[in-house]
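One structure is given here, and the rest of the page talks about it.
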Amino acid sequence: PPKKERGNKKLAKEMAMCRTVLAELEAHDEAWPFLLPVNTKQFPTYKKIIKSPMDLSTIKKRINEGVYKSKDEFTADMRIIFNNCETFNEDDSPVGKAGHSMRTLFEARWLELNPQ
Ligand SMILES: Cc1ncccc1N[C@@H](C)c1ccc2c(c1)OCCO2
């Protein structure tokens, strides 16, 4: 089949895998800090400190709107969530701890689905 068709099929498979991992993270007990965009009225300094806000609902929207051109763009946004969390939250805070465990979960699951 033509290159473009092959590419579309590859991307569809990649996005199906991204949806699977995203759904697993959303279902996790410690996902609650990351489900929606941080409310900048509740955290007025957030906008100033965090230059690229990201959350699981935004990633879901981007998958469904066809924004991602590869699984690597998906993983880049996922890692922004966890890096933002480390920037803004103390490691020993509830949100900080949730960020570390969700990052560990994501990276392990991602490796399972993407053997290197
Ligand atoms: C991921 C993140 N980073 C920095 C600040 C906030 C958040 N998450 C929000 C949902 C959040 C996290 C913790 C909360 C909260 C809201 O509202 C008040 C109680 O504690």
Side-chain angles (χ1 to χ4, degrees):
K3 185 170 176 296
K4 194 166 160 54
E5 267 176 54
R6 294 196 308 271
N8 292 343
K9 224 188 271 128
K10 178 171 181 249
L11 183 60
K13 265 178 73 176
E14 291 190 352
M15 290 301 112
M17 176 173 56
C18 295
R19 280 194 182 86
T20 297
V21 174
L22 181 70
E24 289 171 6
L25 264 72
E26 284 177 323
H28 199 276
D29 283 353
E30 297 198 87
W32 60 270
F34 316 108
L35 294 173
L36 296 171
V38 174
N39 184 327
T40 49
K41 291 183 191 57
Q42 193 179 9
F43 297 91
T45 60
Y46 196 79
K47 244 175 146 56
K48 184 67 188 157
I49 295 166
I50 299 301
K51 300 307 175 195
S52 307
M54 189 49 61
D55 70 284
L56 296 173
S57 74
T58 299
I59 290 176
K60 184 188 278 183
K61 191 163 70 76
R62 290 185 175 186
I63 295 174
N64 292 336
E65 289 176 352
V67 166
Y68 296 130
K69 295 306 162 221
S70 74
K71 63 185 176 177
D72 295 337
E73 292 180 10
F74 163 79
T75 55
D77 273 353
M78 288 297 290
R79 289 163 182 155
I80 288 173
I81 294 177
F82 305 126
N83 293 340
N84 288 347
C85 187
E86 285 209 50
T87 300
F88 196 86
N89 302 283
E90 296 294 333
D91 287 338
D92 61 359
S93 66
V95 178
K97 279 185 256 183
H100 286 298
S101 61
M102 292 302 287
R103 182 203 293 276
T104 301
L105 180 85
F106 168 70
E107 296 299 349
R109 187 72 178 110
W110 192 251
L111 278 176
E112 278 175 28
L113 293 173
N114 294 272
Q116 286 183 336

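Along the sequence shown, the residues carry numbers beginning at 1. Ligands are counted one by one from 1 in listed order, and the atoms in each one are counted from 1 as well.
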Ion pair [X]/[Y], N-O distance below 4.0 Å:
X	Y	value
Glu112	Arg109	yes
Glu107	Arg79	yes
Glu30	Lys97	no

Which class fits the ring pair Phe74 and Trp110: parallel under 30°, tilted 30 to 60°, perpendicular over 60°?
-> tilted

Look at the rings of Phe82 and Phe106 and say which category their plane angle falls in: under 30° parallel, 30 to 60° tilted, over 60° perpendicular.
-> tilted

Polar side chain donor-acceptor pair, Asn114 to Lys71, under 3.5 angstrom | yes

Within the 4.0 Å heavy-atom sphere of ligand 1, strictly under, residues | Trp32, Pro33, Phe34, Val38, Gln42, Phe43, Tyr46, Phe88, Asn89, Val95

